[in-house]
Protein chains: 2
Amino acid sequence: MVVSSIFESRRIAVSGLGFKKSLKAAGRRVTRTRQAVLSLLERTAQPLSATEIFDQLQQEKVSIDLVTVYRTVHVLKELGLVAQIELHQEGQARFELKEGREHHHHIRCQMCGAIVDLLLCPLKKLTKLIESQTQYIVDDHTLEFTGLCPKCQ
Amino acid sequence: MVVSSIFESRRIAVSGLGFKKSLKAAGRRVTRTRQAVLSLLERTAQPLSATEIFDQLQQEKVSIDLVTVYRTVHVLKELGLVAQIELHQEGQARFELKEGREHHHHIRCQMCGAIVDLLLCPLKKLTKLIESQTQYIVDDHTLEFTGLCPKCQ
DNA sequence: ATGATATTGCAAGTCTATTGCAATTAACAT
DNA sequence: ATGTTAATTGCAATAGACTTGCAATATCAT
């Protein structure tokens with residue numbers, strides 16, 4: 001991995017292998033819709049909202065209900081295959097594959113919506129500081145940026 | 001200000017002075033409901049959601065509609081008197097007074113909901129790094145933590 | 001006090017997300 | 001292969017956050 005750069009475009013699809021085991025291990029079934037959602041997330045260079053997953057699968061002539069999309073990402077999240085994120089004040093959840101990816105954050109263009117991954121997290125030390133000062137146990141965090149992408153400036 | 005501590009409970013109410021000028025300067029009126037919302041935010045030790053503002057004012061026998069709460073915080077935000085924030089994956093906006101407060105972040109207990117302010121922001125250097133590497137211009141960010149407060153551990 | 005207009009309350013609507021339930025389908029046993 | 005069982009899906013309905021239209025009301029400059 002290139003450390004000198006803090007951002008990356010998405011890596012090439014990997015999975016199709018481990019997720020069946022994960023599902024079965026949890027007593028869940030390998031269904032057409034779950035495979036379709038996972039496959040889409042693998043092929044897509046951005047974290048997707050439920051609606052975006054639904055729309056894209058519709059376009060690909062995959063028959064799926066929006067409710068099923070919500071239920072599917074929920075299951076995939078429970079299994080740890082997918083991460084649920086919230087960009088800066090967007091008012092909706094987005095989902096991205098976890099498999100093979102490091103912890104990272106995002107910046108989103110407030111004009112055109114372009115999302116870039118930020119392959120860094122400056123919060124390990126900060127987390128310890130917060131824990132010692134507040135006596136909270138830190139479990140998770142959100143760190144998301146907005147701004148203008150090169151094209152929209 | 002005490003620098004050795006990164007968190008604080010809310011400071012004592014200050015305002016009631018400047019906000020009338022701000023409103024008038026923007027051609028807006030000083031109304032009963034705007035004063036009630038501002039007063040509540042001054043008295044409250046946590047960023048509040050629209051519903052919480054509504055409920056609390058109801059309890060205080062202040063007659064106000066939920067729609068008016070939304071419109072009020074929107075105006076106060078436009079005037080720069082109030083900040084709109086989003087805690088970690090909460091799915092709703094919260095509002096807090098900006099006046100006299102420094103830029104800060106929050107940690108919220110995922111059990112009981114207790115919110116503590118974190119009087120620090122480690123993101124100035126990071127912002128520059130992001131800007132140089134992505135060519136985005138960073139405009140704003142969200143940095144919010146969840147975890148367990150001392151009581152809930 | 002009065003008139004102009006900003007603001008409010010109510011009703012209705014939008015958008016994201018969840019839940020109940022009957023019909024369908026995956027997966028295991030035979 | 002076929003049947004059985006339970007997980008899963010689709011559809012309809014519902015919940016929650018937030019917005020919009022419009023008539024009634026309140027603010028405030030005169």
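Chain naming here is simple, since letters A, B, ... match the order of the sequence lines and numbering starts at 1 in each.
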How close or far is atom [atom2] of [N] from atom [atom1] of [X], stated in whole angstroms?
X: B/Phe54; N: C/dC10; atom1: CZ; atom2: P; value: 9 Å
X: B/Leu23; N: D/dA26; atom1: CG; atom2: P; value: 19 Å
X: A/Gln35; N: C/dA26; atom1: CD; atom2: C1'; value: 11 Å
X: B/His74; N: C/dA6; atom1: NE2; atom2: P; value: 16 Å
X: B/Glu52; N: D/dA17; atom1: CD; atom2: P; value: 10 Å
X: B/Asp65; N: D/dT20; atom1: CG; atom2: P; value: 16 Å

Looking only at side-chain N and O atoms, does [Y] offer a donor or acceptor that is under 3.5 Å from a partner on [X]?
X: A/Gln135; Y: A/Glu131; answer: no
X: A/Glu52; Y: A/Gln56; answer: no
X: B/Ser49; Y: B/Thr51; answer: no

*asked:* Let me spell it out: for each of A/Leu66 and B/Ala93, pick the nucleotide of DNA chain D with the closest heavy atom. Which residue's pick is nearer the 5' end?
replied: A/Leu66

*Tell me which of A/Val67 and A/Thr72 sits closer to the 5' end of DNA chain D, going by the nucleotide each one is nearest to.*
A/Thr72

*Distance in Å, A/Glu96 CD paired with A/Ile115 CD1, rounded so as to fall on 0.5 Å steps*: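 Between A/Glu96 CD and A/Ile115 CD1, I get 9.0 Å after rounding to 0.5 Å.
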
*Measure the CD-CD distance between A/Glu99 and A/Glu42 for me, rounded to the nearest 0.5 Å.*
7.0 Å

_If the threshold is 4.0 Å, N to carboxylate O, is there a salt bridge linking B/Arg108 and B/Glu90?_
yes

*Cationic N near anionic O, under 4.0 Å, B/Arg28 to B/Glu78*: yes

*Which part of the nucleic acid does B/Ser49 contact within heavy-atom distance under 4.0 Å: base, sugar-phosphate only, or nothing?*
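The residue B/Ser49 makes no contact with any strand.
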
*Can you list the steps and then say if A/His103 with A/His141 is a side-chain hydrogen bond (donor to acceptor under 3.5 Å, both in side chains)?*
CA-CA 11 Å; A/His103 177 76; A/His141 61 258; 3.1 Å; yes

*May I ask you to evaluate whether A/Arg32 reaches the phosphate of C/dT25, defined as a side-chain N or O under 4.0 Å from OP1 or OP2?*
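Looking at the OP1 and OP2 atoms of C/dT25, neither is under 4.0 Å from any side-chain N or O of A/Arg32.
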
Would you call [X] and [Y] a side-chain contact if the rule is heavy atoms closer than 4.5 Å?
X: A/Thr127; Y: B/Phe145; answer: yes
X: B/Leu143; Y: A/Leu123; answer: yes
X: A/Asp139; Y: B/His88; answer: no

*Tell me which of B/Arg71 and A/Tyr70 sits closer to the 5' end of DNA chain C, going by the nucleotide each one is nearest to.*
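Closest to the 5' end, via its nearest nucleotide, is B/Arg71.
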
Every protein N/O lying under 3.5 Å from an N/O of nucleotides 27-30 of chain C:
| residue | atom | partner | partner atom | Å |
| --- | --- | --- | --- | --- |
| C/dA27 | OP1 | A/Val30 | N | 2.8 |

*Terminal helix-axis angle for the helix from C/dA1-D/dT30 to C/dT30-D/dA1, with five pairs defining each axis and rounding to 10 degrees*: 30°

*asked:* Measuring from the side chain of B/Arg34 (C-beta onward, heavy atoms only), which nucleotide among D/dA17, C/dT8, D/dT9 has the closest atom?
replied: C/dT8

*Which of residues 75-92 of chain B sit near DNA chain D, with a heavy atom under 4.0 Å from it?*
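Correct list: B/Gly91, B/Gln92.
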
*Measure across A/Thr33 and A/Ser63 and return the closest heavy-atom pair with its distance rounded to 0.1 Å.*
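Nearest pair, atom of A/Thr33 first, then A/Ser63: CG2-O, 4.4 Å.
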
